[in-house]
Amino acid sequence: IIPQVVDVIHADRKGTEKPITWPEKCPKCGGPVEKEESATSYNFICANTGVCPGQVAKRVEGFARRTRMDIDGLGREVAIQLVDSGLVKSVTDLYRLTKKQLLALEKFGDLKAQNLLDGIARSKDRGLARLLSALTIYSVGESMAEVLAEEFPSLDAIVAAKPEELARVKGFGPKRAQFVREFF
């Protein structure tokens, strides 16, 4: 760090600052918290990736994004509500929702429930690349999902592919192929 920058940083301190204490347990599910580091920063995340309601709600919200499955009416608040109610424990549960279940939720009237169900039904025709992107497979974003979908014609073909076949996909390599294999 440049000495002048350090002086400015220290000049802003009042002496009443407190060190940040990261939680040892996830505030949402009580599961263990792990430190995740990148080249430039770090973060603490819940290790209960598959069952933590906070992570599931975030995954459902991301699944429904316009550039992924494009499910109208399924934003952050609805995703949280669906997960907190116990109706949705994974994205596949979205496709099992009924109007009766939705009408039992707060702030859900007939029109809102039907619009959400219609949006979910329309998402079934979004194509393989958008589905792969929506599944949030580590290291497989929207562009890599398109490349993978071009190489393999169906989800079944991807699931059946050997690691070395996945690794040969343009831009993949063994690491990304491993993430795909582990996901499925």
Side-chain angles (χ1 to χ4, degrees), residues 29 31 34 36-39 43 45-102 108 112-184:
C29 73
E34 295 176 346
E36 181 180 78
E37 295 187 59
S38 71
N43 196 6
I45 59 167
C46 176
N48 274 340
T49 55
V51 295
C52 176
Q55 289 194 35
V56 173
K58 195 75 171 155
R59 201 171 300 115
V60 167
E61 178 188 359
F63 184 84
R65 284 179 36 194
R66 289 225 185 281
T67 57
R68 294 181 179 165
M69 299 310 283
D70 193 16
I71 301 175
D72 286 332
L74 184 49
R76 175 174 289 137
E77 295 303 317
V78 172
I80 291 169
Q81 187 177 17
L82 291 171
V83 171
D84 286 351
S85 70
L87 292 175
V88 173
K89 292 178 177 56
S90 72
V91 293
T92 57
D93 291 336
L94 292 172
Y95 296 93
R96 295 184 191 104
L97 289 172
T98 65
K99 194 172 201 177
K100 183 179 179 182
Q101 290 172 316
L102 293 174
F108 263 89
K112 183 175 179 176
Q114 190 58 55
N115 285 344
L116 179 57
L117 291 173
D118 290 346
I120 292 168
R122 282 191 302 274
S123 76
K124 293 177 183 179
D125 297 324
R126 300 286 187 240
L128 181 58
R130 287 178 73 165
L131 173 62
L132 291 169
S133 175
L135 291 174
T136 60
I137 301 166
Y138 187 76
S139 192
V140 179
E142 291 162 14
S143 62
M144 286 291 108
E146 286 181 27
V147 172
L148 187 59
E150 286 173 13
E151 193 71 29
F152 294 92
S154 69
L155 197 55
D156 289 336
I158 294 168
V159 172
K162 294 181 172 112
E164 50 277 3
E165 293 173 312
L166 293 168
R168 284 193 297 264
V169 173
K170 184 181 178 189
F172 262 61
K175 274 255 195 230
R176 193 168 281 150
Q178 178 186 346
F179 295 136
V180 172
R181 292 291 301 152
E182 287 173 359
F183 183 86
F184 291 111

| task | Under the side chain to side chain contact (heavy atoms under 4.5 Å, CB included) rule, what do Val56 and Lys89 come out as? Steps first, then yes or no, please. | result | CA-CA 7 Å; Val56 173; Lys89 292 178 177 56; 5.6 Å; no
| field | Test item: Arg76 and Gln81 side chains (from C-beta on) under 4.5 Å apart, heavy atoms | value | no
| message | If we count only N and O atoms by modelled type, under 3.5 Å, do the side chains of Gln178 and Glu182 hold a donor and an acceptor together? | response | yes
| field | Within-4.5 Å side-chain heavy-atom neighbours: Pro174 and Pro163 | value | no
| said: What's the separation between atom SG in Cys46 and atom CD in Gln55, rounded to the nearest 0.5 Å? | reply: 5.0 Å
| note | Taken to the nearest 0.5 Å, the spacing of Leu102 CG from Asn115 CG works out to 11.0 Å
| field | Electrostatic pair Arg66-Asp70, nearest N-O below 4.0 angstrom | value | yes
| Can you name the closest pair of heavy atoms from Leu74 and Ala79 and give their distance? | CD1-N, 3.8 Å
| remark: Rounding to 0.5 Å, atoms CE (Met69) and CG (Leu135) come to a distance of 8.0 Å
| task | Take Leu166 and Arg181, measure what side chain to side chain contact (heavy atoms under 4.5 Å, CB included) needs, and give me the verdict at the end. | result | CA-CA 9 Å; Leu166 293 168; Arg181 292 291 301 152; 3.4 Å; yes
| request: Check whether any side-chain N or O of Glu151 sits under 3.5 Å from a backbone N or O of Leu148 as a donor-acceptor pair, and report yes or no. | output: no
| said: Within the structure provided, determine whether Ile71 and Leu116 are in side-chain contact (heavy-atom separation under 4.5 Å). | reply: yes
| Can you tell me how far OG of Ser133 sits from CG of Leu128, rounded to the nearest 0.5 angstrom? | 11.0 Å
| message | Is it the case that over 12 heavy atoms from other parts of the model lie below 6.0 angstrom from the OH atom of Tyr138? | response | no
| Student check: side-chain heavy atoms of Leu155 and Leu132 closer than 4.5 Å | yes
| note | For Phe152 and Ala157, the nearest pair of non-hydrogen atoms, with its separation, is CD2-O, 3.8 Å
| Heavy-atom side-chain contact between Leu117 and Lys99 under 4.5 Å | yes
| Arg176 NZ/CZ over Phe172 ring centroid, <6.0 Å and within 45° of normal | yes
| field | From Glu36 atom CD to Ile45 atom CD1, the distance as rounded to the nearest 0.5 Å | value | 4.0 Å
| Going by an N to O cut-off under 4.0 Å, is there a salt bridge joining Arg68 and Glu61? | no
| query | Is there a donor-acceptor pair under 3.5 Å between the side chain of Arg59 and the backbone N or O of Thr49? | reply | yes
| Taking the side chain as C-beta and beyond, is there a heavy-atom pair between Asp93 and Leu87 under 4.5 Å? | no
| message | Once rounded to the nearest 0.5 Å, what's the spacing between atom OG of Ser123 and atom CZ of Phe63? | response | 6.0 Å
| said: Leu94 vs Val88, test: side chain to side chain contact (heavy atoms under 4.5 Å, CB included). Steps then yes/no. | reply: CA-CA 6 Å; Leu94 292 172; Val88 173; 4.0 Å; yes
| message | I want to check something: taking the side chain as every heavy atom from C-beta on, are Val78 and Lys112 in contact at a cut-off of under 4.5 Å? | response | yes
| task | Applying side chain to side chain contact (heavy atoms under 4.5 Å, CB included), run through Phe184 and Ile158 and close with a yes or a no. | result | CA-CA 9 Å; Phe184 291 111; Ile158 294 168; 4.0 Å; yes
